[in-house]
Amino acid sequence: MKSANRIKRIGILTSGGDAPGMNAAIRSTVRSAIHHGFKVKGILRGYEGLINDEVIDMNARSVSNILTRGGTMLKTARSSEFMTKKGRKKAYETVKKNDIDGLIIIGGNGSFQGAHVFWKEFRVPSIGVPATIDNDISGSDYTIGAHTAVNTALDAIDKIRDTVTSMERIYVIEVMGREDPFIATRVGLAGGAEEVIFPHSLYSPKRICSEIIKGRKKGKISWIIVVSEGSAKAQDVADIIKKKTKFSVRALVLGHIQRGGSPEAFDRILASILGASAVDAIAVGRTDAMVGFVSQEIKVTSYAKAVMRDAAKARGDRYLYRLTKILAK
Ligand code: F6P
């Protein structure tokens, strides 16, 4: 490969689960790259497209009118083939064939792990842009799409509250985020939930049922319990509560709705800043790392560190949980 600071042509791809704001990041990356005088190639379907040589030319017009749109115009995929050395070798052939000097990888945890291995094996320079609704990346206070996903889930929970109160029911609502409780703890607090179940919330069905029974005796009629998908299944929790309390309980899985929709302002702004910063970073020879936004500043963090658990974020989640419990009287 050419040395990273002699980059002339960059390739852009989105990888893993789509997140609202990925398009805004593509737009920013393409136009910033053009501003730097680079040629830009788009790679379709993430690492799959890199393996199968699905490469397109991009210019400023290719990204017109995508800023407001959810999903990703470049398409995305989870590539099991890229996890194999053979798959990565094919991807490397595509990089060489298209004269790509460096990659901008817009994605999450798994995408950065792949980019790190690709750098170690084939010395393909890359810079990551954190985009996932899970917000499970170290080295950026927020990932692109996480705020919009919280608002989407919150909107659904606000609507469910109408039934919860009218029918005096208990609702157990499962939200996305894998093992990370970012969405669960935010919608729990903002949605006025009585309980949030996530990996570190010390989930105890016995305690929850006893709180419900005591609350009913004091005239509390409705309950919203938010479950983060990495900790329990909403239906299982609902079954236990129903069995133990004999109250009317419903389970609901919000699912992929949380990934859709137009990115809110915060995510568009974050995507625009990080897309441009990724190009700045690759232009000066940075590689094997991700750009992030930490305490109002751009920070470059190695992929190896970015995929590790962030202790400060975990403390923040626990604080939000304690506050949710205090306010849920
Ligand atoms: O990583 C984003 C995410 O939406 C997770 O919250 C969820 O667990 C997962 O992707 C779902 O993946 P898929 O779209 O492959 O079912």
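When a ligand or atom number is given, it counts from 1 through the structure's own listing order.
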Enquirer: Looking only at side chains, do D155 and T152 share a donor and an acceptor under 3.5 Å apart?
Expert: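 There is no such pair between these side chains.
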Enquirer: Purely on distance, is any nitrogen or oxygen of M176 under 3.5 Å from one on ligand 1?
Expert: no
Enquirer: Just which atoms of ligand 1 are under 4.0 Å from any heavy atom in G177?
Expert: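 Ligand 1 atoms under the 4.0 Å threshold to G177: 6 (O).
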Enquirer: Quick test of your reading of the model: are D136 and R178 salt-bridged, counting only N-O distances below 4.0 Å?
Expert: no
Enquirer: Relative to atom 4 (O) of ligand 1, which among R259, R78, H256, E179 owns the nearest non-hydrogen atom?
Expert: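 Ranked by closest heavy atom to atom 4 (O) of ligand 1, first place is R259.
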Enquirer: Is a side-chain N or O of T143 found less than 3.5 angstrom from the main chain of A146, in a donor-acceptor match?
Expert: no
Enquirer: I need the minimum non-hydrogen distance between M290 and P130, along with the two atoms involved.
Expert: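 Closest pair (atom of M290, atom of P130, distance): CG-CD, 3.8 Å.
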Enquirer: For Y303 and H116, take the angle between the two ring planes, folded into 0 to 90°, and tell me which bin it lands in: parallel under 30, tilted 30 to 60, perpendicular over 60.
Expert: perpendicular
Enquirer: Nearest to atom 1 (O) of ligand 1, what protein heavy atom do you find, and at what distance?
Expert: D134 OD2, 2.7 Å
Enquirer: Write out the residue and atom name of the closest protein heavy atom to atom 8 (O) of ligand 1, then the distance separating them to 0.1 Å.
Expert: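 The closest one turns out to be E229 OE2, 2.4 Å.
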